[in-house]
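What follows is a single structure, written as structure tokens, with notes after it.
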Amino acid sequence: MSSSNRTGSSPLTFILTGIPSLLMSSYWMALPLCCLYLLMLLGNCTLLWIIKTDHSLHAPMYYFLPMLAMADLGLSLSTLPTMLAIFWFESTSLRFEACIVQMYFIHSFSAIESGVLVATVFDRFVAICYSLHYLPDNEGGGGAIFMRGICVVLPIAILIKKIPFCRSRVLSHSFCLHQDMLRLVCGDVRVNSLYRLTVVILTKGLDSLTILLSYMMIIRAILNIVSQEARAKAFGTCISHLCAVLIFYIPLIGFSIIY
């Protein structure tokens, strides 16, 4: 029999499990984790400060750089509270409403970061393959990327708030994810699962395919350049972006395969 998301007078809470195979009181894990978060905060905030103060970086070609830093900052801050609470204070319980908010921001910032990476590779694609038609004006595209990330994830949070949870409320991660929460639902999740699959295909799936095809055409165009110096310069403009793509998508693919 289905129960609502509130049992009597007590609100629904989820139990976070931390990192599998590690004890909750692993302070040796908490310290480097905290250092990594501080390094991430320092790095992204420093980058945003440099972009703000250095007027040479206000050119349209650098427009996506602060967007990528903000998306990465938002994604990291979305997981920071529960991760540190688990390993520093052994606090594993999280209210249902807080779990939904965290889930929304994680998936939303993830979609935004993926969109920014697609926009930057498309910008490089046009600049290298169609340099005569290249106009570095990306302000409209940036707004569309943020709106896509905000809007496509919102129905996920609304739909999951309306369904009952009546099974074990133990999540398998240190933060709330949509697919993890769906495992604990005792009602019909077909609509939620179908919408989630659609969102994944239209965001991460389409984005990764666009990046792959764009880089294939970019590499082909670079290899056709006669001048060795111009070829090296063209490769140099893509290396940093390619590293960012690999850093973002390789853990994402590995996480999807494991879970």
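For the numbers below, each heavy atom of this structure counts, side chains included, while hydrogens, waters and symmetry mates do not. On a predicted model such as this, the values are computed, not experimentally measured, just so you know.
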- request: Each residue besides L213 in its hydrophobic cluster should be listed here, by chain and number; the cluster joins Ile, Leu, Val, Met, Phe, Trp and Tyr at side-chain heavy-atom distances under 4.5 Å.
  value: L209, L212, M216
- prompt: Does E97 reach the side chain of L12, with side-chain heavy atoms less than 4.5 Å apart?
  reply: no
- prompt: So how far is it from M181 CE to L171 CG, rounded to the nearest 0.5 Å?
  reply: 7.0 Å
- prompt: Taking only residues two or more places apart in sequence, or in another chain, which ones meet T82 in a side-chain hydrogen bond (donor to acceptor under 3.5 Å, both in side chains)?
  reply: Q102
query: Would you call the rings of H173 and F175 parallel, tilted or perpendicular, where under 30° means parallel and over 60° means perpendicular?
result: parallel
Expected output: side-chain D180 to main-chain S172 donor-acceptor under 3.5 Å: yes
query: Where is the tightest heavy-atom contact between M40 and S76, given as atom of each residue plus distance?
result: CE-CB, 3.1 Å
message: So which atom in G149 and which in S108 form the shortest heavy-atom distance, rounded to 0.1 Å?
response: O-OG, 3.0 Å
statement: So CG of L42 and SG of C35: to nearest 0.5 Å the spacing works out to 12.0 Å
query: Between F96 and F14, what is the ring plane arrangement, given parallel below 30°, perpendicular above 60°, and tilted in between?
result: tilted
field: Close side-chain approach of T120 to L65, heavy-atom, < 4.5 Å
entry: no
Salt bridge (Lys or Arg N to Asp or Glu O under 4.0 Å) involving R220 - partner list, sequence neighbours excluded: none
task: Could you grab the distance from atom CD1 of I160 to atom NE2 of H178, nearest 0.5 Å is fine?
output: 4.5 Å
Atom pairs and distances, side-chain donor-acceptor, residues 192-202, under 3.5 Å, sequence neighbours left out:
unit_1 : atom_1 : unit_2 : atom_2 : d
S193   : OG     : V189   : O      : 3.0
Y195   : OH     : V152   : O      : 2.7
T198   : OG1    : L194   : O      : 2.8

message: Who clusters with M147? Use side-chain heavy atoms, under 4.5 angstrom, across I, L, V, M, F, W and Y, and order the result by chain and number.
response: none
message: Going by side chain to side chain contact (heavy atoms under 4.5 Å, CB included), name the residues that satisfy it together with S208, two or more places apart in sequence or in a different chain.
response: Y249
message: Can you list everything that forms a salt bridge (Lys or Arg N to Asp or Glu O under 4.0 Å) with D207? Sequence neighbours excluded, please.
response: R148
message: Filter on ring-ring contact (aromatic ring centres under 6.0 Å, His included), then keep only pairs touching residues 142-161, sequence neighbours left out; what's left?
response: none
task: Go through the steps to decide whether S110 and K204 satisfy the test side chain to side chain contact (heavy atoms under 4.5 Å, CB included), and finish with yes or no.
output: CA-CA 9 Å; S110 180; K204 306 291 175 51; 2.9 Å; yes
task: Could you check if a side-chain atom of I106 sits within less than 4.5 angstrom of a side-chain atom of L75, using non-hydrogen atoms only?
output: yes
- prompt: Would one find more than 12 heavy atoms of other residues, nucleotides or ligands at under 6.0 Å from atom OH of Y104?
  reply: yes
task: Hey, could you give me each pair passing disulfide bond (SG atoms under 2.5 Å apart) that has a residue in residues 70-116? Not counting sequence neighbours.
output: C99-C176
task: Measure from the side-chain N and O atoms of T92 to the backbone N and O of T17, and report whether any donor-acceptor pair falls under 3.5 Å.
output: no
Distance in Å, I112 CD1 paired with L68 CG, rounded so as to fall on 0.5 Å steps: 11.5 Å
query: Quick one: does L16's side chain get under 4.5 Å of S174's, heavy atoms only?
result: no
message: Membership question, hydrophobic clusters at under 4.5 Å side-chain separation (ILVMFWY): are L73 and L36 in the same one?
response: no
- prompt: When rounded to the nearest 0.5 angstrom, what is the spacing between OG in S91 and CD1 in I15?
  reply: 9.0 Å
query: From R169 CZ over to L94 CG, what is the distance, rounded to the nearest 0.5 angstrom?
result: 13.5 Å
task: Say whether, by atom type as modelled, one donor and one acceptor occur between the side chain of S78 and the main chain of G74 under 3.5 angstrom.
output: yes
message: When you compare the side chain of P66 with that of K52, does any pair of heavy atoms fall below 4.5 Å?
response: no
- request: Not counting sequence neighbours, which residues clear side chain to side chain contact (heavy atoms under 4.5 Å, CB included) with L80? List them please.
  value: Y37, L77, L84
query: With A221, which residues qualify under side chain to side chain contact (heavy atoms under 4.5 Å, CB included), at least two apart?
result: I128, C129
message: Using side-chain heavy atoms (C-beta onward) and a distance below 4.5 Å, is L182 in contact with I163?
response: yes
query: Just wondering, do M103 and I156 contact through their side chains at under 4.5 Å, heavy atoms?
result: yes
task: Write down the atom of I100, the atom of A157, and the distance for their closest heavy-atom approach.
output: CG2-CB, 3.9 Å
message: Suppose we screen for side-chain hydrogen bond (donor to acceptor under 3.5 Å, both in side chains). Which residues come up paired with D188, at least two apart in sequence or across chains?
response: R190
Which atom of M67 lies closest to which atom of V116, heavy atoms considered: CE-CG2, 3.8 Å
- prompt: Under a single-linkage definition using a 4.5 Å side-chain heavy-atom cutoff for Ile, Leu, Val, Met, Phe, Trp and Tyr, are W49 and I51 assigned to the same hydrophobic cluster?
  reply: yes
